Every structure is written in structure tokens, then in C-alpha cells.
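One-based numbering along the sequence shown. Since the model is a prediction, treat every value here as computed from it, not as a measurement.
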Amino acid sequence: MAPRSNEEVVNAYLRSYVENDGPAMGALRHPGWILEYPQSGELIRGHASDRAIADNYPGGIPQLAPGEVIGSEDRWVVSPSFTFERIAGSGDVWFVHGRATYSDGSVWYVAIIMRLRDGLIFHETTYWALPFESPAWRAEWVERIRPD
């Protein structure tokens, strides 16, 4: 069997994330895997630490029902709760943009930068952001891309 391309690894990894498939995620992570959350100043080192966080998530990890993958290679929808709108990259660096909907109804925008090493996910940097109201003072120079 030929080794997976980095694009195939990223797509399989995102699918395992949405499905909360810990063993599949672990198999796609480099032994030296780390995850950074710059906004909170946290670094998660190793698959076991990440799974412990998931296992202790207050109220449990929201149940995500994976749906049909639709769209082109760099634009696809995974589930009603976590939607990847853009996956782009080449070589060892990949970018993912999407939205996460939590059980409280809040919607967060998500941006992930992934670096691969030896054909596995090695380093992730994830940014989480809540939507905010656009300021009225610049209304005449902008177009709305989402309804209020």
C-alpha cells in the first residue's frame, strides 16, 4: 500500500476529529505532536494529554453526527456541528477554516494551521473566535458576508 499524501492525512485527520475517534487521531499524529492555543496561552503536548482533555470536557464532548462530504477538494462540509469550509495547503503546511457550533448554540469561527512531519500531523495552532457586530462607522465601505 502506498503511503498517504499529506492532503489525504489532513482529510483523514479532520474526519477523525469530527468523529471524536481518538485511536484514529492518535494514528495520524506524530509521536512529538503538539497543539497550541495562542489566545489562551496553552500548549498541549502529546496525544494522551489531548484525549484526557476530551475525556474531561465539562458536560462531555458534544456528539457530532458526521454527514456526507460534499464539495471540491478544498471545500467540504463534515457535520452540522463542525463545518470545514476551506482546507488548503501543500507540502507540510496546511490551513483549515471553519465553524464550530456548540451545544449552547454558540457558533465559533475556527482557523487551524497544521504542520506535518514524516507524513503525520506534528504541530497544530488553533485560533477560536466568536462573531462580533460590525461597527456602523464603516458601513458605507463594506459589504455584508453574513446576516446579523
Side-chain angles (χ1 to χ4, degrees), residues 1-134 142-147:
M1 175 188 267
R4 292 181 180 181
S5 70
N6 284 352
E7 181 177 7
E8 290 169 331
V9 169
V10 169
N11 282 303
Y13 184 72
L14 293 172
R15 186 176 316 285
S16 70
Y17 183 85
V18 167
E19 295 173 354
N20 194 27
D21 184 343
M25 291 173 79
L28 293 164
R29 286 176 170 163
H30 190 277
W33 175 85
I34 59 173
L35 167 61
E36 292 182 52
Y37 290 145
Q39 292 157 297
S40 63
E42 296 172 287
L43 181 129
I44 300 166
R45 190 178 301 278
H47 179 69
S49 293
D50 182 62
R51 295 316 303 164
I53 290 168
D55 291 344
N56 290 283
Y57 192 91
I61 295 289
Q63 294 301 308
L64 304 174
E68 178 182 5
V69 175
I70 57 174
S72 68
E73 298 161 5
D74 67 348
R75 188 174 196 80
W76 48 286
V77 176
V78 178
S79 78
S81 297
F82 208 110
T83 305
F84 298 115
E85 297 173 336
R86 179 97 173 142
I87 302 167
S90 65
D92 291 338
V93 180
W94 289 78
F95 170 78
V96 180
H97 171 266
R99 291 185 321 267
T101 303
Y102 286 86
S103 55
D104 67 0
S106 64
V107 176
W108 291 68
Y109 290 92
V110 182
I112 306 169
I113 301 165
M114 294 183 186
R115 289 191 350 227
L116 286 83
R117 180 180 289 173
D118 303 325
L120 297 169
I121 305 295
F122 174 68
H123 184 204
E124 293 177 69
T125 304
T126 302
Y127 298 90
W128 304 89
L130 282 169
F132 57 88
E133 294 302 316
S134 59
V142 301
E143 295 177 39
R144 302 292 301 150
I145 58 172
R146 68 174 173 82

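Residues Leu130 and Tyr109 fail the side-chain proximity criterion, which asks for heavy atoms closer than 4.5 Å. Between Arg144 and Ser134 there is a side-chain heavy-atom pair separated by less than 4.5 Å. Thr125 has its side chain within reach of Pro38: a pair of non-hydrogen atoms, C-beta onward, lies under 4.5 Å apart. Proximity of Trp128 to Tyr37: side-chain heavy atoms (C-beta onward) are separated by under 4.5 Å at one or more points. Considering only heavy atoms from C-beta on, His97 comes within 4.5 Å of Phe95 through its side chain.
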Below 3.5 Å, can you tabulate the donor-acceptor pairs from side chains in residues 111-120 to any protein atom, sequence neighbours excluded?
| unit_1 | atom_1 | unit_2 | atom_2 | d |
| --- | --- | --- | --- | --- |
| Arg115 | NH1 | His123 | ND1 | 3.0 |
| Asp118 | OD2 | His30 | NE2 | 3.3 |

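Side chains of Trp94 and Glu7: no donor on one and acceptor on the other come within 3.5 Å. Defined by atom type and a distance below 3.5 Å, a donor-acceptor pair is present between the side-chain atoms of Arg51 and Asn20. For the residue pair Glu124 and Thr126, no side-chain donor N or O sits within less than 3.5 Å of a side-chain acceptor on the partner.
In terms of heavy atoms, Glu8 sits closest to Pro3 at OE1-O, 4.5 Å. When every heavy atom of Gly91 is checked against every heavy atom of Asn6, the shortest pair comes out as O-ND2, 2.7 Å. Pairing each heavy atom of Met25 with each of Ser16, the nearest pair is CG-OG, 3.0 Å.
The side chain to side chain contact (heavy atoms under 4.5 Å, CB included) check on Arg45 picks up Ile34, Leu43, with sequence neighbours excluded.
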For this session: Kindly determine whether Val96 and Leu14 satisfy side-chain contact (heavy atoms from CB on, under 4.5 Å), including the steps that lead there.
Result: CA-CA 9 Å; Val96 180; Leu14 293 172; 3.8 Å; yes
For this session: Kindly determine whether Ile121 and Trp33 satisfy side-chain contact (heavy atoms from CB on, under 4.5 Å), including the steps that lead there.
Result: CA-CA 7 Å; Ile121 305 295; Trp33 175 85; 3.9 Å; yes
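By the 4.0 Å N-to-carboxylate-O rule, Arg29 lies close enough to Asp50 to be salt-bridged with it.
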